[in-house]
Amino acid sequence: MKPHLAELLGEAVAALRASGELSDGLKVPIELEHTRQKAHGDFACNIAMPLAKAAGVQPRALAERIVAALPASEWVAKVEIAGPGFINFFLTRGAYQAVITQVLAQGAAYGRSDRGQGRAVQLEFVSANPTGPLHVGHGRGAAYGATLANLLEAVGFQVHREYYVNDAGRQMDILATSIWLRYLELCGETVAFPANGYRGDYIWDIAATLHRANGDALRHPAAEVFADLPPDAHAPGGDKEARIDALIARAKSLLGMTGYRQALDTGLEAILGDIRRDLEEFGVHYDEWFSERSLIDDGAVERAIGRLRAAEQLYEKGGAVWFRSSAFGDEKDRVVVRENGQHTYFASDIAYHMHKLERGYERLVDIWGADHHGYVPRVKAALGAMGHDPEQLDVLLVQFAVLYRGGKKLQMSTRSGEFVTLRELRREVGNDAARFFYVLRKCEQHMDFDLDLAKSQSNDNPVYYVQYAHARICSVFRQLQEKGLRHDPENGERQLSLLVESHEQELMATLARYPEVVEAAALNEDPHQLAHYLRELANDFHTYYNAHTFIADTAEQRDARLNLITAVRQVIASGLGLMGVSAPESM
RNA sequence: GCGCCCGUAGCUCAGUUGGAUAGAGUGUUGGCCUCCGAAGCCAAAGGUCAGAGGUUCGAAUCCUCUCGGGCGCGCCA
């Protein structure tokens, strides 16, 4: 409907230009919006105001000339000029009734488009370090990313969903060492567990797996393990970083590369497998799990550094190799190769993004936790230095969900093992409620997540309101069958003109908005718009339900109304589907 | 100290990218099941859009400053 009106307006403006009433130079995009008040019609256009300003004429006078030049349309009942120069469109009933025909004909395809024209988008999200189970903070990125991916696909982009597995680097060493120390405890050694180790219960489970596979083969006396190590935190002159690094080095030397790798890989497999199952159960699917280690083995890091060097954007200082990122908008330069010869995490991240572009994606979307926001300029700087357009990368920052329990804020840390897992949350509130709840707010908004509320009063969750509308419609059709009646959609199609009640008009207008909502939610990267829309649609339906009887006495009325609610059921099912939420037939 | 995000009803949040009289949910109060599912509907009350300037036909939205909150500022990841 909106494109149709925009077309009419475009023709009117073009006609004024052709007749010389309006100069050619003025280019103002035509914007149409839904009105807030019925008195203003169905759609309003403000084009006359900016155009009049540029042309130096009265807005209302110009609006009148535009209206006079509008081509006739069977969908437009009336056009009015109001206020400072708004052009208000009042649609015919037929215009909205036609939406039902469209929804029923297109089915699940209604609301989809080819706006993206098959362009390849790479969407990376969650990418939590495989050092522990996902917690509720990761859940928000997962739900957000999965829904955005579905939305982009719905409007015609080809989406590649990817999880970047940080399976190299110091965090993995800390993990391997933590596992090994717990393993030693299982062997009967007395171990002073380091302050900087991973303390979660899952480490014990992995250590047990390691022990089952190896018996005591990896055992070394505690005295040998802890001999001559720098003091840990809390001890006089202690440093938890130095302590853990020394323990890692000790683990490597005592176990040898084979034994050490065994501890590390046992942990990696267990944790990554757990994360994959967790996300899969949450309805979050990936096309690729991309390994950081493979990137390094592939030589991509060396290649990336080589490209920066070739571009003359590297220099040495203090024994380290620096990237001149400040020349590309970062606030200062960054180290890519440390004094000890090891590349930084930033270096492999440069390589990773370079590699993404080498794979041929036109557009990269990263979803990061908002605590990484300071990292955006340097990654873009690297892309710029390598000759890419930094605009190809779009980083969406998802604010962390602040958890409350008993009215108190929860402190969470993977290292300490004190956190609420995503799995725990899913079990308590259900996947549907969790998916919907996470996406209900726009991502840059801080989110208060009250666990008590989510768990104890999960019926208050808006997802049930939407699902209930769907289940109610299904129930109407069950009732119909029990009464020995049947729905004749073809007859309903012929009787759509009977749908003249205000609630029906309201409902049809909302249905007509669905394609616009999907497109806006996808292009603005704002899945919450879809969640709010579905709530509105459900509200319109529930209101209609209370005001009128669908299983009406006459077949004409009945079939027409059943066509309408069939269309509502379709749109609710489609919308919930995009959000990864089920549309139950009863509940 | 510098940078990014945020501040809208008692609480949790929308606000169609600068439009007309700022909206939902929840909570409070009062109504609606002999009738397709009451996990629902209707109504009322609730606002200095943090504050002050500025830009213009027009500002919750854009600019500046102030106040308040979150996060970041490593040869960690």
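Chain letters run A, B, ... following the sequence lines, proteins first, then strands; residues in each count from 1.
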Write down the distance between [atom1] ([X]) and [atom2] ([N]), rounded to a whole number of angstrom.
{"X": "A/E519", "N": "B/U17", "atom1": "CD", "atom2": "P", "result": "13 Å"}
{"X": "A/L51", "N": "B/C57", "atom1": "CG", "atom2": "P", "result": "15 Å"}
{"X": "A/D245", "N": "B/C75", "atom1": "CG", "atom2": "C1'", "result": "13 Å"}
{"X": "A/H373", "N": "B/G70", "atom1": "NE2", "atom2": "C1'", "result": "9 Å"}
{"X": "A/R334", "N": "B/C73", "atom1": "CZ", "atom2": "P", "result": "9 Å"}
{"X": "A/N46", "N": "B/C57", "atom1": "CG", "atom2": "P", "result": "14 Å"}
{"X": "A/L534", "N": "B/G25", "atom1": "CG", "atom2": "P", "result": "16 Å"}
{"X": "A/E80", "N": "B/A20", "atom1": "CD", "atom2": "P", "result": "17 Å"}

Expressed in whole Å, how much space separates the [atom1] atoms belonging to [N] and [M]?
{"N": "B/G18", "M": "B/C32", "atom1": "P", "result": "47 Å"}
{"N": "B/G15", "M": "B/A60", "atom1": "P", "result": "16 Å"}
{"N": "B/A45", "M": "B/G23", "atom1": "C1'", "result": "16 Å"}
{"N": "B/C5", "M": "B/G30", "atom1": "P", "result": "46 Å"}
{"N": "B/G46", "M": "B/U26", "atom1": "C1'", "result": "13 Å"}
{"N": "B/A43", "M": "B/A24", "atom1": "P", "result": "10 Å"}

Specify the closest pair of heavy atoms between [X] and [Y], including all atoms of both residues, with the distance to one decimal.
{"X": "A/M172", "Y": "A/T131", "answer": "SD-CG2, 4.3 Å"}
{"X": "A/V99", "Y": "A/A512", "answer": "CG2-CB, 3.5 Å"}
{"X": "A/R293", "Y": "A/D167", "answer": "N-OD1, 2.7 Å"}
{"X": "A/N129", "Y": "A/I275", "answer": "O-CD1, 4.5 Å"}

Is B/U17 in the syn range, within 90° of 0, or in the anti range?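 Here the answer is syn: the torsion falls within 90° of 0.
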With syn defined as a glycosidic angle within 90° of 0 and anti as the rest, where does B/C33 land?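 With its glycosidic angle within 90° of zero, B/C33 counts as syn.
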Output field: ring centroids A/Y144/A/Y438 closer than 6.0 Å: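 That pair fails the under 6.0 Å test.
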Heavy-atom contacts under 4.0 Å between [range] and RNA chain B, which residues?
{"range": "residues 346-355 of chain A", "value": "none"}
{"range": "residues 545-553 of chain A", "value": "A/Y545, A/N546, A/H548, A/T549, A/F550, A/I551"}
{"range": "residues 82-89 of chain A", "value": "A/A82, A/P84, A/F86, A/N88"}
{"range": "residues 468-475 of chain A", "value": "A/Y468, A/A471, A/R472, A/S475"}

Using the side chain to side chain contact (heavy atoms under 4.5 Å, CB included) criterion, which residues pair with [X]? Sequence neighbours excluded.
{"X": "A/R486", "answer": "A/D488"}
{"X": "A/R478", "answer": "A/C474, A/S475, A/E585, A/S586"}
{"X": "A/V337", "answer": "A/I305, A/V321"}

Touch check for [X], heavy atoms < 4.0 angstrom, all strands: base, sugar-phosphate only, or nothing?
{"X": "A/H542", "result": "sugar-phosphate"}
{"X": "A/E33", "result": "sugar-phosphate"}
{"X": "A/K317", "result": "base"}
{"X": "A/N340", "result": "nothing"}
{"X": "A/G318", "result": "base"}
{"X": "A/Q467", "result": "nothing"}

Nucleotide by nucleotide, 5' to 3', does protein get under 4.0 Å of the base (B), only the sugar-phosphate (S), or neither (-) in nucleotides 8-15 of chain B, counting heavy atoms? ----SSSS
What's the spacing between [X] [atom1] and [Y] [atom2] if we round to 0.5 Å?
{"X": "A/L5", "Y": "A/D42", "atom1": "CG", "atom2": "CG", "value": "9.0 Å"}
{"X": "A/E124", "Y": "A/Y164", "atom1": "CD", "atom2": "OH", "value": "8.0 Å"}
{"X": "A/F43", "Y": "A/E31", "atom1": "CZ", "atom2": "CD", "value": "14.0 Å"}

Counting only pairs under 3.5 Å, give me each side-chain donor-acceptor contact of residues 374-382 of chain A, with atom names and distances, residues two or more places apart or in other chains.
residue : atom : partner : partner atom : Å
A/K380  : NZ   : A/L393  : O            : 2.9

Taking only side-chain N and O atoms of [X], does any of them lie within less than 4.0 angstrom of OP1 or OP2 on [N]?
{"X": "A/K2", "N": "B/U16", "answer": "no"}
{"X": "A/R170", "N": "B/C75", "answer": "no"}
{"X": "A/N524", "N": "B/U16", "answer": "no"}
{"X": "A/Q479", "N": "B/G37", "answer": "yes"}
{"X": "A/S586", "N": "B/G37", "answer": "no"}

Just so I know, are the side chains of [X] and [Y] near enough to count as touching, which here means a heavy-atom distance under 4.5 Å?
{"X": "A/V476", "Y": "A/Q479", "answer": "no"}
{"X": "A/K78", "Y": "A/N88", "answer": "no"}
{"X": "A/D239", "Y": "A/P230", "answer": "no"}

Under a plain distance cut-off of 3.5 Å, with no hydrogens placed, do [Y] and [X] share a side-chain donor-acceptor pair?
{"X": "A/Y544", "Y": "A/E504", "value": "yes"}
{"X": "A/Q171", "Y": "A/N166", "value": "no"}
{"X": "A/Y514", "Y": "A/Q570", "value": "no"}
{"X": "A/Y464", "Y": "A/D432", "value": "no"}
{"X": "A/Y315", "Y": "A/D333", "value": "yes"}

Would you kindly compare A/M49 and A/Y375 by the position of their nearest RNA chain B nucleotide and give the one closer to the 5′ end?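 It is A/M49, whose closest nucleotide lies nearer the 5' terminus.
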Nearest-nucleotide 5' precedence on RNA chain B, A/C45 against A/A320: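 It is A/C45, whose closest nucleotide lies nearer the 5' terminus.
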In which ranges does RNA chain B form stems of 3 or more consecutive Watson-Crick or G-U pairs, distances under 3.5 Å?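 Correct response: B:1-7 with B:67-73, B:10-13 with B:23-26, B:28-32 with B:40-44, B:50-54 with B:62-66.
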Could you list all the salt bridge (Lys or Arg N to Asp or Glu O under 4.0 Å) pairs where at least one residue sits in residues 335-353 of chain A, not counting sequence neighbours?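 Matches after skipping sequence neighbours: none remain.
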Strictly by salt bridge (Lys or Arg N to Asp or Glu O under 4.0 Å), give each pair with a member in residues 508-535 of chain A just once, sequence neighbours left out.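 Applying salt bridge (Lys or Arg N to Asp or Glu O under 4.0 Å) to every pair that reaches into residues 508-535 of chain A, excluding sequence neighbours, yields A/K2-A/E516, A/R115-A/E519, A/R363-A/E525, A/R513-A/E536.
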